[in-house]
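Numbers restart at 1 for each chain; the letters A, B, ... are given by sequence-line order, proteins then strands.
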Amino acid sequence: MDIKLKLNGKAISAQCDADTILLDFLRERGCYSVKRGCDTSNCGLCTVLMDGKPILSCSMLAARADGHSIQTLEGLQEEAADFVGFIADQGADQCGFCNPGFVMNTIALLRENPDPTDDEIRAYLAGNLCRCSGYDGQLRGIRSYLNSRKG
Amino acid sequence: MEERTYKVVGKSFRKKDSMQLLLGKPVYMDDVTPNALVVKILRSPHPNAIVQEINTKAARLVPGVVDIFTWEDVPKTRFAIAGQTYPEPSPYDRLILDRHVRFAGDAVAIIAAETEKAALKAMKLIKVKYEVLEAVLDYHTALDNPIWVHPEEDWEPPCEVGGTNRRNLVASGVDSDGDVEGVLASCDIVLDRTFHTKAFNQAMMEPFGCFTQLDRYGRLHVISSTQIVFHTRRILSRALGIPKSRIRVEKPRIGGGFGAKQTAVCDVYPAFVTMKTGRPAKLIYTREESQIAGSPRHEMEIRVRLGANRDGKIRVLDLYTLSNSGAYGEHGPTTVGLSGHKSIPLYTGSLEAYRFGYDVVYTNLQAAGAYRGYGATQGIFAVESVVNELAETLGIDPTLIRDKNMVRQGMVMPAYYGETASACALDRCMAHCKEMFGWEEKYPVRDMGNGKVRAAGVAMAMQGSCISNVDVGSATVKLSEDGTYNLIIGAADMGTGCDTILAQMVAEMMDCSFDDVAVFGADTDASPYDSGSYASSTTYITGKAVEKACTELKTRICAIGAELLGCEPDAVVMESGKVRRIDTDQTVSLTDIAYKAQVNNTIPAEATATHSSPVSPPPYMVGMVEIELDKLTGLVTILDYMAVVDCGIPINPALARIQTEGGIVQGIGHTLMENVTYDSHGRPAERSFMQYKIPTRLDMGTLRVEFEHSYEPTGPFGAKSIGEIVINTPAPAIAHAIARATGVWHRELPITPEKVAMSIDGQE
């Protein structure tokens, strides 16, 4: 089937099977930041933005993106670069496989709530699993970014 | 304590790869390899069966299917997929495909297709007729069971570890010192307790995966998510029957390993497809395959007999571990050793005698493997729990009972291969942790008046730093024309940050900036030999190799510099990016030296060094937890987890801290929520993250980690290991807190809310 969507700001027309998963569709188009960590919508690694809202691309058909705007980390490099260095300073990137999904969801969080509390950060990102860091370093990174913005 | 001031070592640099990782750049196996044949594995639904007939005709007709392989197509040489130094302690008990399938999930056929869809369609069309055999599903009944998991004649142990396939026995042994029964008989109190830990999954975020192709010389080129490039090359060579010179194995960035990728879990399948078809092939396990056909922790049952005096002096420890290796023996003979050798020595201070016996058995369940902690985690849960129970029974503060008995600096540890605790700050870790945690206030049980109780628990831990007399680490350091350096290693950074901390060591040694060191690893064609990243060895062993390589390179740089300065090499010194002639103060820059090295020169501006160690200095740690327990639902909430670690000198404190925090949270997962259960066919119930619950960021409370430095004289810059020890304290500390809150000692992991609630009901 033919679909039309905006991918990272660019209008594209594409052919895909009716059962193509959005995650696979995006990786086929070079969006390698989108990772598969499970097949059950549990890990958050495949998080992308659809019309600005975070969704799990493993649980959505590519066809459902027809007429919508999809953003992956490839398209949000500058917005991410603004804060991810603070996470790197904590060493909390670790293996990195969960990072793109977690960074995408953090972008969504900070757009919705520019000054979240620690509990709000934990709650918003609860669906983003990480097996390496123990989570606290990620939180410290986001917190020190927020503090730096307050000057 | 000898502690020096360093310029680069001891500083928290960002990981070399952190911005690439955080910005989602393509760095993992599936990102950096082209499209290839999709490889899928048809798996047995039966735990023990013989493939009588296998019909692939209909499957082969599916458009896009390239080939399907069965047991008839594969080489007949048995091999082991454990990443261990040759001769491996793990038995040669596998074929790429075996007619005899030994666990529900064992490989029956390999499908290679142009697309995943075609491969999956073909999988459904393969018709297999099984002769279903009775299975050994309870590891208690495995030893000398009339059903043999490995009845084959060609079962072969590469080295003697006390096992025989005729008894379902992978390994067996006993080790002791002193008169165990005599001391037990003379003790005021003897506790005899049995513990049970499950086959927990590493659940690294990147599942197992491997890409293979024939390179421009027609050799097998393997790009694998692995911790062990050199072992994988050796394993593939034996399994496929091709020379090692025909194989190249490299790793890209690794999305987590925790030991899972210390076993070549999936590499043989795409490698076989490429050798058969000549085409690139790729296999990526689903999360379900990673859960049911991976390489999880060894399930263990550990019986501890502890004898002590009324004053709390621990005089004797007697451990027996029964370890369940599952259907294949990977890491079976070695993991079990750590359950005793890395728990008993914690009490060296007062111990008069110890005994440690073990059996490792085959069953028709998923094969176990290496997982961070590697047996020590299981043993420490048992020993630390018994010590906590002893303290509570005698009415002695459990931190004080440890002060009385723990290993201290300078002690010889009979239960740890007679090694001396040359750097040990365990006593300071305990004092520091007590103060930081507020032990005096938190230890008393507090009823919150709303059905909830707050309580605290404590545990100590140790691990090793490398496998002594076995592990080998190497490093090559090269000078470039602009005075920067390349570091080339065979150790595998799997997110741990070893590329970064080893580069810090180069910068420290060569007196250059951290940014002037580029790191490459790991590739069997390009890297100097390294056993791989496991057994807590990389900082300690490969780190020392880096130090040695830098020392040698400095000598060579000085020799080239001396030629330029017209003097003997011993008349110059290397300092801050220059070589200086001592008598004249003339200098030459590293740029001059590097260019000189490229013209009419016979002295290499590079050096390779190799290191191994006769000792494996343990890091030490104390963990303390405060929980809130809901007596109605049994829910245990972690409020605070605090830990103090002695890893010698931390090379990069931020990374050491994250390692510790990550290990603690994994340990919390094993203790409270991660479960492994089987149905009557031996099929694991926890097949996805829907059922296998790993901790989220809402599950770990407040973490706090600090360090007590010791200086390990045999380590690079005084360093010991950090990667594994950190997973060991949560289980005994949390079980202790639960016992304080409820009066019930839970000796089986995980301690789920259901178990806690039922145990409280049972009391009332």
Side-chain angles (χ1 to χ4, degrees), chain A residues 17 19-20 24 27-28 30-45 72-74 76-77 80-81 83-85 87-104 119 121-123 125-139 141, chain B residues 12-15 17-28 30-32 116-117 202-207 253-258 284 286-288 494-497 500 652 654-666 669 688-690 694-698 700 702-705:
Chain A
D17 291 341
D19 59 355
T20 300
D24 296 316
R27 284 188 65 87
E28 278 163 22
C31 298
Y32 293 118
S33 72
V34 188
K35 302 289 190 244
R36 176 176 270 118
C38 71
D39 307 291
T40 48
S41 317
N42 286 99
C43 73
L45 266 59
T72 69
L73 189 47
E74 281 79 5
L76 296 172
Q77 293 280 294
F83 67 89
V84 296
I87 295 161
D89 286 339
Q90 297 293 332
D93 41 301
Q94 290 290 291
C95 88
F97 207 70
C98 76
N99 290 357
F102 149 73
V103 167
M104 289 301 287
D119 279 344
I121 295 170
R122 287 193 191 98
L125 301 177
N128 293 91
L129 297 180
C130 168
R131 191 62 157 169
C132 297
S133 75
Y135 302 112
D136 221 45
Q138 295 180 346
L139 180 66
Chain B
S12 294
F13 286 90
R14 283 184 187 178
K15 277 169 67 231
D17 51 354
S18 56
M19 293 313 274
Q20 296 293 101
L21 301 183
L22 281 158
L23 291 173
K25 303 296 186 193
V27 297
Y28 303 96
D30 189 36
D31 308 339
V32 301
E116 182 173 29
K117 212 182 258 185
Q202 294 88 348
M204 62 283 163
M205 288 293 109
E206 182 198 30
R253 302 321 293 173
I254 304 302
F258 313 114
I284 300 173
T286 60
R287 179 55 61 186
E288 182 178 17
M494 64 197 113
T496 47
T500 303
N652 182 319
L655 293 180
R657 179 182 182 184
I658 294 283
Q659 282 292 303
T660 310
E661 292 174 343
I664 288 169
V665 173
Q666 278 183 14
S688 77
F689 285 161
M690 201 80 90
I694 68 170
T696 74
R697 65 193 78 222
L698 303 176
M700 26 50 91
T702 305
L703 297 177
R704 197 157 155 201
V705 171

Practice item. Output the option from A:G101, A:G85, A:A92 having the highest count of non-hydrogen pairs under 4.5 Å with chain B. Key: A:G85
Review point. Are any of the side-chain nitrogens in A:R27 or B:D31 under 4.0 Å away from the carboxylate oxygens of its partner?
Key: yes
**Study point:** Which atoms of A:D24 approach chain B - backbone, side chain, both or neither, heavy atom under 4.5 Å
**Key:** neither
Review point. Under a 4.5 Å heavy-atom cutoff, which of B:P26, B:S688, B:P207, B:G255 has the most pairs with chain A?
Key: B:G255
Review point. Less than 4.5 Å apart, any side-chain heavy atom of B:V665 and any of A:R131?
Key: no
Check your understanding: Once you round to the nearest 0.5 Å, how far does CG of A:D39 lie from CZ of B:R287?
Key -> 8.5 Å
Review point. Is there side-chain contact between B:R697 and A:N128, with heavy atoms separated by less than 4.5 Å?
Key: yes
Practice item. Calculate, to the nearest 0.5 Å, the distance between atoms CZ and CG belonging to A:F83 and B:L22 respectively. Key: 8.5 Å
Point to revise | Considering all heavy atoms, the nearest A:A88-B:S18 contact | key: CB-OG, 3.5 Å
Review point. Would you say the side-chain atoms of B:Y28 pair up with the backbone N or O of A:K35, donor to acceptor, closer than 3.5 Å?
Key: no
Review point. Considering only heavy atoms, which portion of B:F258 lies under 4.5 Å from any heavy atom of chain A: side chain, backbone, both, or neither?
Key: side chain
Exercise for review: Mind ranking B:G497, B:G662, B:P695 by heavy-atom pairs under 4.5 Å with chain A and telling me who comes out on top?
Suggested key: B:G662
Revision key, fill the gap. Answer key: most heavy-atom pairs under 4.5 Å with chain B among A:A80, A:C132, A:G137 is A:C132
Practice item. Assess whether side-chain contact (heavy atoms from CB on, under 4.5 Å) is satisfied between A:T40 and B:E288, documenting all intermediate values. Key: CA-CA 10 Å; A:T40 48; B:E288 182 178 17; over 6 Å; no
Study note, to complete from the structure: Most heavy-atom pairs under 4.5 Å with chain B, out of A:L45, A:L125, A:I87, belong to A:L125
Check your understanding: Quick one: CD on B:E661 to OG on A:S133, what's the gap to the nearest 0.5 Å?
Key -> 8.0 Å
Study note, to complete from the structure: Answer key: most heavy-atom pairs under 4.5 Å with chain A among B:L698, B:V27, B:T702, B:L655 is B:L698
Exercise for review: Mind listing the closest non-hydrogen atom pair of A:G37 and B:F689 along with its distance?
Suggested key: O-CE1, 3.9 Å
Exercise for review: Tell me, for B:D30 versus chain A, whether the close heavy atoms (under 4.5 Å) come from the side chain, the backbone, both or neither.
Suggested key: both
Point to revise | Contact summary for B:G24 and A:L73, nearest pair of heavy atoms | key: N-CD2, 3.6 Å
**Study point:** From B:L21 atom CG to A:C95 atom SG, the distance as rounded to the nearest 0.5 Å
**Key:** 8.0 Å
Check your understanding: Which answer fits A:E74, side chain, backbone, both or neither, if we ask what part of it has an atom under 4.5 Å from a heavy atom of chain B?
Key -> side chain
Revision key, fill the gap. Residues B:T496 and A:Q94: closest non-hydrogen pair is CA-OE1, 4.2 Å
**Study point:** Closest non-hydrogen atom pair, B:A654 against A:D89
**Key:** CB-O, 4.2 Å
Study note, to complete from the structure: Among B:Q659, B:M19, B:K25, B:R657, the residue with the most heavy-atom pairs under 4.5 Å to chain A is B:R657
Check your understanding: So do the side chains of A:D136 and B:M700 get within less than 4.5 Å of each other, counting heavy atoms only?
Key -> yes
Check your understanding: Of the backbone (N, CA, C, O) and the side chain (C-beta and beyond), which part of B:L703 lies under 4.5 Å from a heavy atom of chain A, both, or neither?
Key -> both
Practice item. Select one option (side chain, backbone, both, neither) describing which atoms of A:L129 are under 4.5 Å from chain B's heavy atoms. Key: both
Review point. Is it the side chain or the backbone of B:E116 that comes within 4.5 Å of chain A heavy atoms, both, or neither?
Key: neither
**Study point:** Among B:M204, B:Q20, B:K117, residue most engaged with chain A (heavy-atom pairs, under 4.5 Å)
**Key:** B:K117
Check your understanding: Only one of B:R253, B:K15, B:R14 clears salt bridge (Lys or Arg N to Asp or Glu O under 4.0 Å) with A:D93; which?
Key -> B:K15
Review point. Between A:Q77 (side chain) and B:L23 (backbone), is there a donor-acceptor pair under 3.5 Å?
Key: yes
Review point. For A:V103, is it the side chain, the backbone, both, or neither that has a heavy atom closer than 4.5 Å to a heavy atom of chain B?
Key: side chain
